[in-house]
Amino acid sequence: QVQLVESGGGWVQAGGSLRLSCAASGRTFNSVTMGWFRQATGKEREFVAAISRTGATSIYADSVKGRFTVSRDNARNTLYLQMNNLKPEDTATYYCAVGPTYILSRLEGSYSNWGQGTQVAVST
């Protein structure tokens, strides 16, 4: 069982950058894909990015492609989301979660062991 704790959220002006971290406990971190999702106030949770077990492959939502980068350090049991050129529409609570063992998925139902979330606010 993997437990996840996100950190690194905060307030930033449009055009700025933040790096989110997701610390995982448990011995199975490097045996699963991982994903980032976000939920803005009044909206449904949406997919942001996912990464393979080794970190060699990743997929992104079109809205963040070219601005966000997902990575992982399996030695440190940590998942990252580097967010550059942030926009006000990126304002949301960001969650990390455990994905399927082999397949990179954009579907929320494919994920489990959700963290508590970290808030990101981007102002104009």
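Bear in mind the structure is a predicted one, so any value in this text is a computation, not a measurement.
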Residues Glu46, Arg38; criterion side-chain contact (heavy atoms from CB on, under 4.5 Å); working and verdict: CA-CA 5 Å; Glu46 64 175 3; Arg38 67 186 181 186; 2.6 Å; yes

Residues forming a side chain to side chain donor-acceptor pair (under 3.5 Å) with Asp73, sequence neighbours excluded: Arg76

Listed partners of Lys43 passing side chain to side chain donor-acceptor pair (under 3.5 Å), at least two apart: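 Counting only residues at least two positions away or on another chain, Lys43 forms no side chain to side chain donor-acceptor pair (under 3.5 Å).
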
pair Thr91-Val120: side-chain heavy atoms closer than 4.5 Å: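 The answer is no; the side chains never approach within 4.5 Å.
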
Min side-chain heavy-atom separation Cys22-Trp36 under 4.5 Å: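 Yes, at least one pair of side-chain atoms sits under 4.5 Å.
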
Closest non-hydrogen atom pair, [X] against [Y]:
X     : Y      : value
Pro88 : Ala14  : CD-CB, 4.1 Å
Ala92 : Ala40  : CB-N, 3.8 Å
Ala50 : Ser105 : CB-O, 4.0 Å

Under 3.5 Å: donor-acceptor pair, side chain of [X], backbone of [Y]:
X      : Y     : answer
Arg72  : Phe29 : yes
Arg106 : Ala49 : no
Asn74  : Arg53 : yes
Tyr60  : Val70 : yes
Asn85  : Arg67 : no
Trp114 : Val98 : no

Let me check something: do [X] and [Y] share a hydrophobic cluster, defined by ILVMFWY side-chain heavy atoms less than 4.5 Å apart, either directly or through other members?
X      : Y     : answer
Tyr95  : Met83 : no
Tyr111 : Val32 : no
Met34  : Val64 : yes

Steps toward side-chain contact (heavy atoms from CB on, under 4.5 Å) verdict (Leu104, Thr57): CA-CA 9 Å; Leu104 292 179; Thr57 306; 3.7 Å; yes

Residues Lys87 and Asp90 bridged, charged N to O under 4.0 Å: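 Judged by the 4.0 Å cut-off on N to carboxylate O distance, Lys87 and Asp90 do not form a salt bridge.
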
Flag if over 12 foreign heavy atoms under 6.0 Å of CD, Gln82: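 Check passes, neighbour count above 12.
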
Other residues, nucleotides, ligands: >12 heavy atoms within 6.0 Å of Glu44 CD: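 No, because the 6.0 Å sphere around CD of Glu44 holds 12 heavy atoms or fewer from other groups.
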
Residues Phe68, Leu86; criterion side-chain contact (heavy atoms from CB on, under 4.5 Å); working and verdict: CA-CA 9 Å; Phe68 290 12; Leu86 282 160; 3.8 Å; yes

How far does [atom1] of [X] sit from [atom2] of [Y], to the nearest 0.5 angstrom?
X     : Y     : atom1 : atom2 : result
Leu4  : Ser21 : CG    : OG    : 12.5 Å
Thr28 : Asn30 : OG1   : CG    : 8.0 Å
Thr69 : Asn84 : OG1   : CG    : 6.5 Å

Which residues share a side-chain contact (heavy atoms from CB on, under 4.5 Å) with Thr118, sequence neighbours left out: Glu6, Leu20, Tyr94

Worked verdict on Val48 versus Leu81 for side-chain contact (heavy atoms from CB on, under 4.5 Å): CA-CA 10 Å; Val48 174; Leu81 185 68; 4.1 Å; yes

Distance flag, aromatic centroids of Phe37 and Phe47, threshold under 6.0 Å: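 Ring centroids of Phe47 and Phe37 are less than 6.0 Å from each other.
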
